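Counting starts at 1 for both ligands and their atoms, following the listed order. Not measured: the values here are computed from a predicted model.
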Amino acid sequence: MSSRVFPKEMEGTITFTRGVPPPEAFPIEDIGKCFDAAISNDPDVVLQYGHQQGYLPLRRELASEYGVSESEVLVGNGSLQLQDLLAACLVRPGDVVLTEQPSYDRALTTFRRRGARVKGIPVEDDGISIERLEEALEREVPAFLYLVPDFQNPTGVTLSTEKRRRVVELAEERGFWVVEDIPYRKLRYRGEDVPLLREVSAARVVTLSSFSKLLSPGIRVGFAIAPSALIVALSALGTETYLSPVLPTQAAVAEYLRRGLLEPNVERLKSLYTPRWQAMLDAVRRELPGARAFVPDGGFFVSVFLPGDANTENLAGRAQQRGLVLTPGPSFFAESDDEEAPGERFVRLPFCAVTPGQIEEGVKRLASLL
Ligand SMILES: Cc1ncc(COP(=O)(O)O)c(C=O)c1O
């Protein structure tokens with residue numbers, strides 16, 4: 001019998017699929033203490049129906065962070081549910097919704113489910129192509145444009161300040177909403193923050209974000225910031241859907257913020273993720289030299305377009321047999337005006353929930369399949 005011993009990373013399946021935090025990212029003790037405090041400090045509110053727009057002390061914290069009034073903040077059960085409510089509110093059957101191409105796969109399915117025709121506008125190294133966006137707007141005005149402007153899911157790119165200015169200008173001129181979805185924004189590993197779209201001009205901007213990537217996805221706390229009239233409409237739809245939001249987790253997050261724990265936790269996460277980000281960038285450079293790689297400054301994802309001559313046939317299926325789990329590239333692609341659909345050549349490489357050793361081995365396995 002062979003007695004070869006493989007390093008741990010070489011064994012077993014390596015998962016490059018969902019962008020989830022690893023278990024070591026959870027601030028278990030502090031969250032536990034905040035849950036205890038939240039329930040004992042305010043049981044009559046947090047254990048009851050109510051606060052349909054979200055737990056008031058948390059809305060106050062968020063309103064102060066974003067420089068808006070409480071009436072412009074809605075806290076719900078994760079940001080994906082708020083995305084769904086937003087699509088339900090803004091999309092009439094047959095309306096077009098524009099997204100980056102590629103885009104967050106679940107957003108695409110959510111918008112389609114609400115009757116939208118979702119059209120993708122190509123992403124460049126500094127975010128969505130303005131030229132292609134302008135061309136699309138000549139044809140029709142969308143119900144909204146959905147963007148993940150910071151460390152985009154799935155590519156990792158960040159929208160430049162100049163492009164942010166032009167996007168909000170177009171939205172105001174042509175009268176459509178821009179949804180900026182920013183769950184990764186605080187996880188920046190290098191460089192300086194770029195202004196939020198709402199900081200450029202808030203009139204037509206809806207901001208969505210979440211505590212899933214900063215604390216825990218399981219607590220399901222996400223929020224929307226938008227003009228009050230839209231928040232009232234979203235909240236009414238929320239009440240019809242889930243009666244009232246899950247208040248104990250919102251109260252625990254409010255307590256976590258009140259104790260000043262978020263910033264140190266974000267710093268801890270950045271220290272945990274930076275070596276993984278670096279390992280992914282190094283592995284992609286080394287193992288996939290012919291690929292077009294997007295190099296992010298933060299977030300959860302590196303991504304590549306494989307070279308035209310790479311063997312991409314049934315890539316996810318063949319990868320699975322080699323112990324590598326990939327999300328099929330086409331899931332991130334909406335309908336587009338381009339003849340060629342490059343989805344087959346697109347690979348998203350989430351790096352936060354895998355160790356540097358697994359990253360190195362996983363990218364090697366990917367390269368061996370091409
Ligand atoms: C861009 C983006 N938006 C929204 C979500 C969902 O966040 P939540 O857990 O708050 O529903 C994710 C999760 O991966 C995401 O990447």
Side-chain angles (χ1 to χ4, degrees), residues 15-22 25-26 31 54-55 58 62 73-88 97-114 118 120 123 127-128 144-159 178-188 196-197 205-226 234 238 241-242 245-246 249-250 252-253 256 262 269 273 294 296 298-303 327 331-334 346 348-354:
T15 303
F16 285 164
T17 44
R18 293 273 133 221
V20 298
F26 302 141
I31 289 193
Y55 186 59
L58 180 55
L62 293 168
V73 182
L74 171 66
V75 189
N77 308 320
S79 65
L80 190 68
Q81 187 167 45
L82 298 177
Q83 250 176 54
D84 183 45
L85 295 179
L86 195 64
V97 164
L98 298 178
T99 66
E100 292 142 323
Q101 180 89 306
S103 182
Y104 172 41
D105 49 348
R106 287 194 192 278
L108 299 179
T109 46
T110 298
F111 303 152
R112 284 187 191 124
R113 209 157 41 88
R114 291 295 178 183
V118 185
V123 163
I128 195 166
F144 58 87
L145 165 66
Y146 171 79
L147 299 174
V148 183
D150 295 289
F151 324 128
Q152 196 231 10
N153 183 359
T155 59
V157 304
T158 293
L159 186 64
V178 182
V179 179
E180 59 171 348
D181 188 13
I182 55 166
Y184 304 101
R185 181 173 169 88
K186 291 190 175 169
L187 296 171
R188 175 176 276 282
L196 291 168
L197 280 103
V205 174
V206 176
T207 304
L208 291 176
S209 195
S210 165
F211 289 94
S212 290
K213 306 294 151 57
L214 305 179
L215 282 178
S216 138
I219 59 174
R220 309 308 298 133
V221 180
F223 58 94
I225 301 172
L234 292 172
T241 312
Y242 49 72
V246 181
T249 58
Q250 293 193 11
V253 172
Y256 196 87
L262 187 65
L269 293 177
Y273 295 151
F294 291 100
F300 272 44
F301 311 103
V302 169
S303 67
T327 306
S331 1
F332 302 105
F333 283 71
F346 180 75
R348 182 182 74 168
L349 298 166
F351 53 81
C352 287
V354 268

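- For the ligand labelled ligand 1, residue Pro217 lies outside the 4.0 Å heavy-atom shell.
- An N or O contact shorter than 3.5 Å links Leu80 to ligand 1 by distance.
- The shortest contact between atom 16 (O) of ligand 1 and any protein heavy atom is with Tyr184 OH, 2.5 Å.
- Here's the thing with Ser212: one of its N/O atoms is less than 3.5 angstrom from an N/O atom of ligand 1.
- For the pairing with Ser212, the side-chain hydrogen bond (donor to acceptor under 3.5 Å, both in side chains) check across Ser209, Ser210, Ser216 returns one residue only, Ser210.
- Put simply, no part of Gly222 is less than 4.0 Å from ligand 1, judged by heavy atoms.
- Among protein heavy atoms, atom 13 (C) of ligand 1 sits closest to Lys213 NZ, 2.8 Å.
- Residue Tyr146 places a heavy atom less than 4.0 Å from ligand 1.
- The shell of residues lying under 4.0 angstrom from ligand 1, judged by heavy atoms, excludes Gln152.
- Ser103 and Glu100 share no donor-acceptor pair across their side chains, judged by distance under 3.5 Å alone.
- Selection from Thr110, Asp181, Asn77 by nearest heavy atom to atom 2 (C) of ligand 1 gives Asp181.
- For the residue pair Thr207 and Glu180, a side-chain donor N or O sits within less than 3.5 Å of a side-chain acceptor on the partner.
- Shortest contact from atom 5 (C) of ligand 1 to any protein heavy atom: Tyr104 OH, 3.4 Å.
- A distance of 7.0 Å separates CD1 in Ile225 from CD1 in Ile182, rounded to the nearest 0.5 Å.
- At a 4.0 Å cut-off, not a single heavy atom of Gln81 sits close enough to ligand 1 to count as contact.
- Near Arg220, with a cut-off below 4.0 Å to any heavy atom, the atoms of ligand 1 are 8 (P), 9 (O), 11 (O).
- Inspection of the Tyr146 and Asp181 side chains reveals an N or O donor paired with an N or O acceptor under 3.5 Å.
- Considering CG of Leu262 and NZ of Lys186, their distance stands at 5.5 Å, rounded to 0.5 Å.
- Judged by the shortest distance from any of its heavy atoms, Arg106 lies outside the 4.0 Å radius around the atoms of ligand 1.
- Of all protein heavy atoms, the one lying nearest to atom 7 (O) of ligand 1 is Ser79 OG, 3.2 Å.
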